[in-house]
Amino acid sequence: MLKFEIKMIFISLIYWYNSYAIEIKDLHFVTEPSPVIYYDEKSNELKGVIGERIQYLVKKLNIKSKVEIMPWSRAYYETTKNKNFAIFPIAKTEVREKELKYCCIIYKSRQFFFKLKSRKDIKIKNINDTKKYSIGVVRDDFRQILLEKKGFPKIEIATSMDLNFKKFIGKRQDLIILSENSMLKYLNQNNMQMSDVVKLIELQDIDVNNYIAFNKEIEDEIISIVKKTLTDIYDPDKDL
């Protein structure tokens, strides 16, 4: 009788493991369009620092689906509605932490207010000065959430960072918030240089690191495996 019970437990464990493995393979990563996360036309693989880290996870975990790029609002919505979805890169906010399960840092980030160098009319000495000017953000992005929480009165909302940046260089808004790396990528994309902009004040009082976050219903064991797999190539205590 004891042998039979042990055998049944063993079979149950095998069944659980196989179901669990299939669920890992069924993970579906989503992100927004960005010059720092893009598909290489020749290899058909994600490139950029963040993209390559996600591509490693997809390969290592034998995930079947291709990483999908879509507008940020849709990517966030789909992740909240589909158990097997994961979104990246995403910063933390109080609302998001209630709606998603955060896994791990995928990229350490510092965010700054920028202005065009040609905008001599914009004078910033402290964070309160930034409230005098219009600031471009992406709809439902952490920047929008933070600025609204802090009572910034002049927020310009765009549907994508590409559009947000074009409004910035077209002088249809005064300021933009980006990391230095992202700023450089967007400038290069628009045949501009870092000398064309001025880095102003760092965005503080918030964790602006980039994370991977999952649907709220995902099993904690799956998050643990993703986190452990990522540590094979990335240590946020040592790398960006």
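All values derive from a computational prediction rather than experimental measurement. Computation of the quantities below employed the complete heavy-atom set of this structure, encompassing side-chain atoms and omitting hydrogens, waters and symmetry-equivalent molecules.
- Rounded to the nearest 0.5 angstrom, Ile225 CD1 and Cys103 SG are separated by 11.0 Å.
- Among residue pairs with one or both ends in residues 98-107, those qualifying as salt bridge (Lys or Arg N to Asp or Glu O under 4.0 Å) are Lys101-Asp220; sequence neighbours excluded.
- For Lys131, the NZ atom counts as densely surrounded, since its 6.0 Å shell holds more than 12 non-hydrogen atoms of other residues, nucleotides or ligands.
- Screening residues 149-159 for side chain to side chain donor-acceptor pair (under 3.5 Å), with sequence neighbours left out, gives Glu94-Lys149.
- Listed by chain and number, the residues in a side chain to side chain contact (heavy atoms under 4.5 Å, CB included) with Tyr39 are Asn44, Leu46, Lys66, Val67, Ile69 (sequence neighbours excluded).
- Counting only N and O atoms by type, the side chains of Asn128 and Asn126 include no donor and acceptor under 3.5 Å apart.
- Side-chain N or O atoms of Arg96 include one that pairs as donor or acceptor with a backbone N or O of Ala91 at under 3.5 Å.
- Checked against side-chain hydrogen bond (donor to acceptor under 3.5 Å, both in side chains), Asp121 has the following partners two or more places apart in sequence or in another chain: Arg119.
- Across all their heavy atoms, Ile135 and Phe113 have their closest contact at CD1-CE2, 3.8 Å.
- With sequence neighbours left out, the side-chain hydrogen bond (donor to acceptor under 3.5 Å, both in side chains) criterion links Glu180 to Lys199.
- Between Leu230 and Tyr56 there is no side-chain heavy-atom pair separated by less than 4.5 Å.
- Remark: of the listed residues Gln111, Met183, Gln144, Gln111 is the sole one forming a side-chain contact (heavy atoms from CB on, under 4.5 Å) with Ile177.
- Gly51 and Ile37 get closest at one heavy-atom pair: CA-CG2, 4.2 Å.
- For the pair Tyr76 and Ile90, the minimum side-chain heavy-atom distance is below 4.5 Å.
- For the pair Ile176/Val197, no side-chain contact is recorded, criterion being any heavy-atom separation below 4.5 Å from C-beta on.
- In this structure, Asn164 and Gln173 have side chains that are in contact, with non-hydrogen atoms separated by less than 4.5 Å.
- Using a 3.5 Å distance cut-off with no hydrogens or angles, the side chains of Thr79 and Asn215 do not pair a donor with an acceptor.
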Give the C-alpha distance, both sets of side-chain angles, the deciding distance and a yes or no for salt bridge (charged side-chain N to carboxylate O under 4.0 Å, His left out) between Glu219 and Lys83. CA-CA 9 Å; Glu219 288 79 4; Lys83 182 179 178 180; 2.9 Å; yes
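- Under the rule for a ring pair (Phe, Tyr, Trp, His ring centres under 6.0 Å), the partners of Tyr186 that lie at least two apart in sequence or sit in another chain are Phe165.
- Checking side-chain atoms of Asp129 against main-chain N and O of Lys125 turns up a donor-acceptor pair under 3.5 Å.
- The distance from the CZ atom of Phe114 to the CG atom of Leu187 is 8.0 Å, given to the nearest 0.5 Å.
- Annotation: the span from Lys60 atom NZ to Gln55 atom CD amounts to 14.0 Å, rounded to 0.5 Å.
- In this structure, Asn210 has no side-chain hydrogen bond (donor to acceptor under 3.5 Å, both in side chains) partners at least two apart in sequence or on a different chain.
- Atom CG in Asn191 sits 10.5 Å away from atom CG in Asp196 (nearest 0.5 Å).
- Atoms CG and CZ, on Leu203 and Arg143 in that order, are 8.5 Å from each other to the nearest 0.5 Å.
- Note on Met194 and Met161: same hydrophobic cluster, where clusters join Ile, Leu, Val, Met, Phe, Trp and Tyr whose side-chain heavy atoms are under 4.5 Å apart, directly or indirectly.
- Atom OG1 in Thr31 sits 6.5 Å away from atom CH2 in Trp72 (nearest 0.5 Å).
- Thr130 is not listed as a side-chain neighbour of Leu200, based on a closest heavy-atom distance of 4.5 Å or more.
- In terms of heavy atoms, Leu61 sits closest to Lys25 at O-CG, 3.9 Å.
- No donor-acceptor pair under 3.5 Å is formed between the side chain of Glu217 and the backbone N or O of Asn82.
- The closest side-chain heavy-atom distance from Asn84 to Phe214 is not below 4.5 Å.
- With sequence neighbours left out, Tyr211 forms a ring pair (Phe, Tyr, Trp, His ring centres under 6.0 Å) with Tyr102.
- By the rule that hydrophobic residues join a cluster once side-chain heavy atoms approach within less than 4.5 Å of another member, Leu147 and Ile145 end up as members of separate clusters.
- For Ile124 against Ile201, the heavy-atom pair with the smallest separation is CG2-CD1, 3.5 Å.
- Listed here is the closest heavy atom pair of Phe29 and Phe88: CB-CE2, 3.9 Å.
- A salt bridge between Lys64 and Asp26 is present, with a side-chain N of the basic residue lying under 4.0 Å from a carboxylate O of the acidic one.
- When hydrophobic clusters are built by joining Ile, Leu, Val, Met, Phe, Trp and Tyr residues whose side-chain heavy atoms come closer than 4.5 Å, directly or via intermediates, Ile157 is not grouped with Leu163.
- At least one side-chain heavy atom of Gln189 sits less than 4.5 Å from a side-chain heavy atom of Asp162.
- Side chains of Ser43 and Asp40: a donor on one and an acceptor on the other come within 3.5 Å.
- Taking Glu97 as the reference, nothing meets the salt bridge (charged side-chain N to carboxylate O under 4.0 Å, His left out) condition, with sequence neighbours excluded.
- Annotation: side chain of Tyr107 is in contact with side chain of Val49 (closest heavy-atom distance under 4.5 Å).
- Every residue was checked against the side-chain hydrogen bond (donor to acceptor under 3.5 Å, both in side chains) condition with Asn188, not counting sequence neighbours, and none meets it.
- In terms of modelled atom types and a separation under 3.5 Å, the side chain of Lys171 and the main chain of Phe168 share no donor-acceptor contact.
- Here the shortest heavy-atom pairing between Leu57 and Ile63 reads O-CD1, 4.2 Å.
- Under a hydrophobic-cluster definition in which Ile, Leu, Val, Met, Phe, Trp and Tyr are linked whenever side-chain heavy atoms come within less than 4.5 Å, directly or via other members, Ile155 and Ile122 are assigned to the same cluster.
- Counting non-hydrogen atoms of neighbouring residues, nucleotides and ligands closer than 6.0 angstrom, the NZ atom of Lys216 exceeds 12 such neighbours.
- For Tyr77, there are no ring pair (Phe, Tyr, Trp, His ring centres under 6.0 Å) partners at least two apart in sequence or on another chain.
- Judged by a 6.0 Å distance limit and a 45° cone about the ring axis, Lys47 is not positioned over the six-membered ring of Tyr38.
- Under the side chain to side chain contact (heavy atoms under 4.5 Å, CB included) criterion, Glu68 pairs with His28, Val30, Met70, Arg74, not counting sequence neighbours.
- There is no side-chain donor-acceptor pair under 3.5 Å between Asn209 and Ser109.
- Heavy-atom contacts from other residues, nucleotides or ligands closer than 6.0 Å to NZ of Lys92 number more than 12.
- Under the 3.5 Å distance criterion, the side-chain polar atoms of Ser182 are left unmatched by any main-chain donor or acceptor of Ser179.
- If you chain together hydrophobic residues whose side chains sit under 4.5 Å apart, Val58 and Ile233 fall into the same group.
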